[in-house]
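Letters A, B, ... mirror the listed sequences (proteins, then strands); counts begin at 1. Atoms considered below: every heavy atom in the structure, side chains included; atoms not considered: hydrogens, waters and symmetry mates. What you see is a predicted model, and the numbers here were worked out from it, not measured in a lab.
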Number of protein chains: 2
Amino acid sequence: MPTRSAAQRRQLEREAFDAYLAECPSRKLLDRISDKWVTLVICALADGPRRFSELARHLAGVSQKMLTQTLRTLERDGLVTRTVTASVPVRVDYALSELGESLLTPIHHMKEWAEAHMAEVARAQQGYDEQSATA
Amino acid sequence: MPTRSAAQRRQLEREAFDAYLAECPSRKLLDRISDKWVTLVICALADGPRRFSELARHLAGVSQKMLTQTLRTLERDGLVTRTVTASVPVRVDYALSELGESLLTPIHHMKEWAEAHMAEVARAQQGYDEQSATA
DNA sequence: CCGAATCCTATGAGATACTG
DNA sequence: CAGTATCTCATAGGATTCGG
């Protein structure tokens with residue numbers, strides 16, 4: 001049954017490739033920062049520590065669930081630190097770790113490219129769409 | 001009915017924030033390159049044009065659908081060019097545009113950060129997980 | 001060989017309500 | 001105030017099949 005084995009082979013290839021990707025450091029990093037909120041949180045923490053509720057207010061669009069989730073993974077990755085002050089209403093501050101701060105550099109590069117070239121991308125899109133429209 | 005209006009206000013805030021994000025060039029770029037396959041395709045094209053099937057073979061894990069989809073958006077964004085040679089079995093070549101090549105720079109920065117620091121991230125994760133385990 | 005269309009499932013993410 | 005748990009729904013993405 002060649003059909004079956006072909007499908008199986010594909011499956012194996014896919015798994016091998018996925019495993020390869022799972023090992024690739026660049027890919028891991030991309031997976032992290034491509035999380036919808038990760039870069040926003042990091043940038044929000046760029047100029048100093050913030051409390052949970054401050055972050056929530058600052059990133060008006062984030063749901064409380066996603067904010068928590070994002071902060072957890074960032075903490076786990078060692079990119080942000082979490083300090084709990086056991087006062088009466090608990091107070092929790094988040095801050096960038098050194099590692100987290102070092103991430104600001106590549107993020108900054110991205111930002112520069114974006115600001116320099118995204119207009120061109122927008123033009124390209126427009127051109128492309130007009131092409132399609134005439135079809 | 002304060003419940004309703006509070007929910008409505010949140011909704012409005014979210015929409016405003018989303019609109020703001022939709023305008024932000026950095027965010028747009030992030031949305032692009034965070035696409036699971038975008039960076040892989042760009043890197044695969046870094047050292048020269050390739051045919052569709054070459055790409056498919058090179059990126060063993062990608063489904064044909066996602067490859068097509070990715071290439072379409074990249075073409076629309078003006079990052080890759082698509083040239084069709086109308087031979088008997090059609091031949092289609094993809095290549096990086098100038099704009100696409102300029103993207104290699106920030107991607108390269110990301111790669112460097114990843115290779116320099118992801119080990120540290122991995123260590124942080126391990127530490128974090130061991131902490132949780134003792135709880 | 002290249003790609004479009006259809007179908008189906010797993011995941012992501014918001015709303016809500018509850019705990020310490 | 002900070003965080004967790006549950007429900008629900010939209011969508012991303014893979015398999016498959018058909019067309020040029």
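Counting to the nearest Å, the P atom of dG3(C) and the CG atom of D93(B) are 10 Å from each other. Atom NZ of K36(B) and atom P of dG12(C) are 11 Å apart (whole Å). When the C1' atom of dA2(D) is taken as reference, atom CZ of R72(A) falls 9 Å away, rounded to whole Å. L21(A) places its CG atom 13 Å from the P atom of dG13(D), with the value rounded to the nearest Å. As a whole-Å value, the separation of Q69(A) CD from dA5(D) P is 12 Å. As rounded to whole Å, 13 Å separates atom P of dG12(C) from atom CZ of R32(A). Following rounding to the nearest Å, M66(B) (CE) and dT6(C) (C1') show an atom-to-atom distance of 16 Å. In this structure, K65(B) places its NZ atom 13 Å from P of dC8(C), rounding to the nearest Å.
Within 4.0 Å of Q64(B), counting heavy atoms only, lies at least one base atom of the nucleic acid.
Taking every heavy atom of both residues into account, Y128(B) and R72(A) meet most closely at OH-CD, 3.6 Å.
Between E115(B) and the options E112(B), M118(B), K111(B), a side-chain contact (heavy atoms from CB on, under 4.5 Å) holds for only K111(B).
Near-neighbour residues of DNA chain C inside residues 50-60 of chain A, defined by a heavy atom below 4.0 Å, are absent.
No donor-acceptor contact under 3.5 angstrom links the side chains of R91(A) and T83(A), judged on distance only.
Of the candidate nucleotides dG14(C), dG14(D), dG3(C), dG14(D) has the atom nearest to the side chain of S63(B). Nearest to the side-chain atoms of R82(B) among the listed nucleotides dG14(C), dG13(D), dC2(C) stands dC2(C).
Contact between the side-chain N/O atoms of Y94(A) and the OP1/OP2 oxygens of dC1(D) is not found at any separation under 4.0 Å.
We find that D77(A) and R32(A) are joined by a salt bridge, their nearest charged nitrogen and carboxylate oxygen being less than 4.0 Å apart.
Below 30°, between 30° and 60°, or above 60°: for H109(B) and H109(A) the angle between ring planes is below 30°, a parallel geometry.
Between V90(A) and V62(A), it is V62(A) whose nearest contact on DNA chain C lies nearer the 5' terminus.
Heavy-atom neighbours of E101(A) CD from other residues, nucleotides or ligands within 6.0 Å: above the threshold of 12. Annotation: H108(A), atom NE2; neighbour count of heavy atoms from other residues, nucleotides and ligands within 6.0 Å does not exceed 12.
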